Number of protein chains: 2
Amino acid sequence: MVRSASEPPVKRGDEPQAVLSDVDFRPLYQQVKDAVIGKLIGGDWRPGDKLPSEFRLAAEYGVSQGTVRKALDELTAQNVLIRRQGRGTFVATHTPHRALFHFFHLVGQDGSRQLPSSRVLSVETRRATREEEARLELRAGSRVIRIDRVRDMAGRPAIVEFIVVAAKSFPGLARMPKDDLPNTLYELYEERYGMTIVRAVEKLRAVAATAREAELLGLAAGAPLLEIDRLALSIEDKPVEWRVSRCETRQHTYLSIVD
Amino acid sequence: MVRSASEPPVKRGDEPQAVLSDVDFRPLYQQVKDAVIGKLIGGDWRPGDKLPSEFRLAAEYGVSQGTVRKALDELTAQNVLIRRQGRGTFVATHTPHRALFHFFHLVGQDGSRQLPSSRVLSVETRRATREEEARLELRAGSRVIRIDRVRDMAGRPAIVEFIVVAAKSFPGLARMPKDDLPNTLYELYEERYGMTIVRAVEKLRAVAATAREAELLGLAAGAPLLEIDRLALSIEDKPVEWRVSRCETRQHTYLSIVD
DNA sequence: TTCATATAGTCTTCTATAAGATATAACGTT
DNA sequence: AACGTTATATCTTATAGAAGACTATATGAA
């Protein structure tokens with residue numbers, strides 16, 4: 001079936017509810033993909049939701065099931081959707097498992113993975129610094145929430161980190177009791193604030209521990225630490241969280257698979 | 001078309017040259033994919049080669065073009081093949097560009113990428129240590145080639161690294177003049193020895209510079225360095241090269257994109 | 001009656017095929 | 001040299017049937 005501006009799609013038994021643009025000559029599956037992303041951004045479909053079936057979507061957009069399938073396949077490859085034969089297609093969620101295997105890269109020497117526990121040192125709300133404004137793409141004068149915490153791995157303190165998010169996007173977060181903050185924050189962002197992290201850019205450096213960091217981690221001042229500077233992005237590719245972790249890497253290593 | 005052990009494929013105008021197994025009930029596109037990988041491993045198709053067209057492959061294996069396409073699509077997603085509409089499908093090669101953007105992760109503070117130059121300190125052939133045997137999955141007593149070198153970025157020494165490969169797999173490599181070793185070794189592995197690196201596992205830690213490393217890099221002894229421990233794997237998923245790089249990260253950072 | 005176990009039906013995604021559209025390069029003609 | 005034609009390649013879309021998963025219903029035994 002060919003779309004064109006001059007010939008609108010032929011009428012069938014049931015008319016498409018939400019037709020695609022008539023002046024868009026990109027491949028149909030691309031248009032469907034964008035439409036689906038739009039639904040996700042708009043919040044019509046939230047994490048964990050079940051999408052309409054391929055056939056239903058095909059009818060809605062006036063394309064065939066195979067075309068919808070190609071669009072959904074690509075989103076599945078990007079970890080935005082999850083599909084199970086016979087069950088349906090679902091919006092991916094931030095389970096602890098996903099947080100552990102996809103977004104947390106510090107593993108034991110033997111490659112074993114475990115989520116660290118965390119102890120919050122402080123939570124504060126204040127005006128953003130220049131650097132915070134730049135990283136989170138905030139307007140000048142915006143307010144941010146900063147969380148400082150220490151994380152244990154295998155029972156010993158291993159990570160000192162701070163986390164910065166825009167206060168506007170996370171109302172009430174700063175008023176939560178320190179001990180109620182979960183140690184997998186991405187789930188919280190998703191469930192309470194509708195912000196899903198789908199991508200992250202991490203920059204790693206080796207640094208020397210400050211006196212305070214050394215004390216918190218039980219090391220000598222100046223000991224080498226692995227610094228992970230992470231910017232977490234939403235599906236709209238907007239920065240949501242800036243986090244800098246400084247990690248002790250005698251017991252653990254950062255694992256990166258390239259292929 | 002349904003395959004079964006009892007009913008062999010129907011004869012057509014031109015008979016399939018290399019039929020798929022009759023007792024394999026996995027999806028056809030999977031079988032085609034494995035067949036293609038087999039050709040790559042066997043060296044029938046080498047890096048840069050052009051594959052037969054989708055239709056030709058379909059005829060060979062007795063399946064339809066769309067089925068071949070699905071197999072090739074997956075291999076393209078894995079960066080094993082490269083496809084260009086109207087031109088054909090090609091076996092991916094290790095261009096300097098690919099080495100830079102895919103396998104080299106040290107970037108400038110502003111995100112700019114550049115390949116480092118390299119100065120070889122020494123090349124030696126000797127028996128493998130226990131650790132080298134384990135990493136490269138060698139038999140006890142195997143010989144290895146070890147290359148030590150320093151790499152400059154932006155005109156200043158930034159990386160000290162050693163590289164270990166099995167001597168048996170790279171005959172003559174150790175006898176090359178030190179200054180003739182290219183600084184992108186993966187191209188050399190591919191062109192001269194038919195070993196294509198398609199995957200790598202990197203483990204990162206923060207370490208303190210040894211006296212020798214500090215001298216080579218122009219730093220104070222004990223300065224923090226980023227250690228990258230990389231195992232490079234062939235398409236058969238066999239380890240080909242073990243490399244440990246220690247990097248100065250005041251001017252550069254290791255970039256990792258998670259999605 | 002109650003509980004467990006088939007079983008059929010229906011809904012889902014998955015696999016396979018075919019046909020036409022589109023991109024590219026080579027060649028021939030003007 | 002410029003331009004159109006042709007051959008050949010991948011890309012896009014559509015369709016049909018296979019296979020997995022859940023639900024409602026029927027059946028049989030305790």
Side-chain angles (χ1 to χ4, degrees), chain A residues 1-5 7 9-10 12-14 16 19-21 24-36 45 49-77 80-92, chain B residues 1-4 7 9-10 12-14 16 19-20 24-36 45 49-77 80-92:
Chain A
M1 174 178 168
V2 177
R3 304 192 124 271
S4 81
E7 296 178 39
V10 181
R12 297 193 196 171
D14 45 350
V19 290
L20 304 174
S21 166
D24 191 341
F25 288 96
R26 290 148 60 237
L28 290 177
Y29 77 90
Q30 282 278 5
Q31 300 181 43
V32 172
K33 185 178 170 184
D34 287 350
V36 170
W45 299 332
D49 283 359
K50 181 177 179 175
L51 265 63
S53 75
E54 293 178 347
F55 278 103
R56 186 173 295 276
L57 287 172
E60 270 186 38
Y61 293 118
V63 300
S64 81
Q65 174 259 350
T67 301
V68 170
R69 162 157 272 270
K70 182 153 184 174
L72 298 186
D73 272 347
E74 293 198 354
L75 291 169
T76 302
V80 174
L81 301 177
I82 294 175
R83 337 188 60 192
R84 306 266 300 271
Q85 183 171 359
R87 305 249 339 245
T89 303
F90 305 84
V91 183
Chain B
M1 177 176 169
V2 176
R3 304 192 125 272
S4 80
E7 296 178 39
V10 180
R12 297 193 198 171
D14 45 348
V19 290
L20 303 175
D24 192 342
F25 289 96
R26 291 150 59 236
L28 292 177
Y29 76 90
Q30 282 277 6
Q31 299 182 43
V32 172
K33 185 177 170 184
D34 287 350
V36 171
W45 299 332
D49 284 359
K50 181 177 179 176
L51 266 60
S53 76
E54 294 178 347
F55 278 104
R56 187 173 293 277
L57 286 173
E60 268 188 39
Y61 292 119
V63 300
S64 78
Q65 173 259 350
T67 301
V68 170
R69 161 157 272 269
K70 182 153 186 175
L72 298 186
D73 272 347
E74 294 199 354
L75 291 169
T76 302
V80 174
L81 301 178
I82 294 176
R83 338 186 59 190
R84 303 270 298 274
Q85 182 171 358
R87 302 220 17 216
T89 302
F90 304 84
V91 183

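Numbers restart at 1 for each chain; the letters A, B, ... are given by sequence-line order, proteins then strands. All values derive from a computational prediction rather than experimental measurement.
Nucleotide D/dC11 holds its P atom 12 Å from the CD atom of A/Glu74, rounded to whole Å. A/Asp73 has its CG atom 15 Å from the C1' atom of D/dC11, to the nearest Å. Per the geometry, CZ belonging to B/Phe25 stands 13 Å off P belonging to C/dA16, to the nearest Å. Protein atom CZ of A/Phe90 is 11 Å distant from nucleotide atom P of C/dT12, rounded to whole Å. Across the protein-nucleic acid pair, B/Arg26 atom CZ and D/dA18 atom C1' stand 18 Å apart, rounded to whole Å.
Looking at A/Gln31, its side chain does come within 3.5 Å of a backbone N or O of A/Arg26 through a donor-acceptor pair. A/Lys50 contributes a side-chain N or O that, together with a main-chain N or O of A/Arg87, makes up a donor-acceptor pair within less than 3.5 Å.
Across A/Leu81 and A/Val91, no two heavy atoms sit closer than the pair CD2-CA, 4.0 Å. Nearest heavy-atom pair across A/Leu57 and A/Pro52 is CD1-O, 3.7 Å. When every heavy atom of A/Ala58 is checked against every heavy atom of A/Ser64, the shortest pair comes out as CB-C, 3.6 Å. For the residue pair B/Tyr29 and B/Ala71, the shortest heavy atom distance occurs at O-CB, 3.4 Å.
For the OP1/OP2 pair of D/dA14 and a distance below 4.0 Å, the side-chain nitrogens and oxygens of A/Thr67 include at least one atom meeting the criterion. For D/dT13, neither phosphate oxygen OP1 nor OP2 lies less than 4.0 angstrom from any side-chain nitrogen or oxygen of A/Lys70.
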Checking B/Arg83 against B/Asp73 for the side chain to side chain contact (heavy atoms under 4.5 Å, CB included) test, could you report, in this order, the C-alpha distance in whole Å, the side-chain angles of both residues, the deciding distance, and whether it holds? CA-CA 9 Å; B/Arg83 338 186 59 190; B/Asp73 272 347; 2.8 Å; yes

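Among the candidates B/Val80, B/Val36, B/Val32, the single residue satisfying the side-chain contact (heavy atoms from CB on, under 4.5 Å) test with B/Leu72 is B/Val36.
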Just the atom pairs and distances: protein N or O near nucleotides 6-10 of chain D's N or O, under 3.5 Å.
{"unit_1": "D/dT10", "atom_1": "OP1", "unit_2": "B/Thr89", "atom_2": "OG1", "d": "2.9"}
{"unit_1": "D/dT10", "atom_1": "OP2", "unit_2": "B/Glu54", "atom_2": "N", "d": "2.7"}
{"unit_1": "D/dT10", "atom_1": "O2", "unit_2": "B/Gln85", "atom_2": "NE2", "d": "3.4"}

Report all interatomic pairs (protein N or O, nucleotide N or O of nucleotides 23-25 of chain D) with separations under 3.5 Å.
none

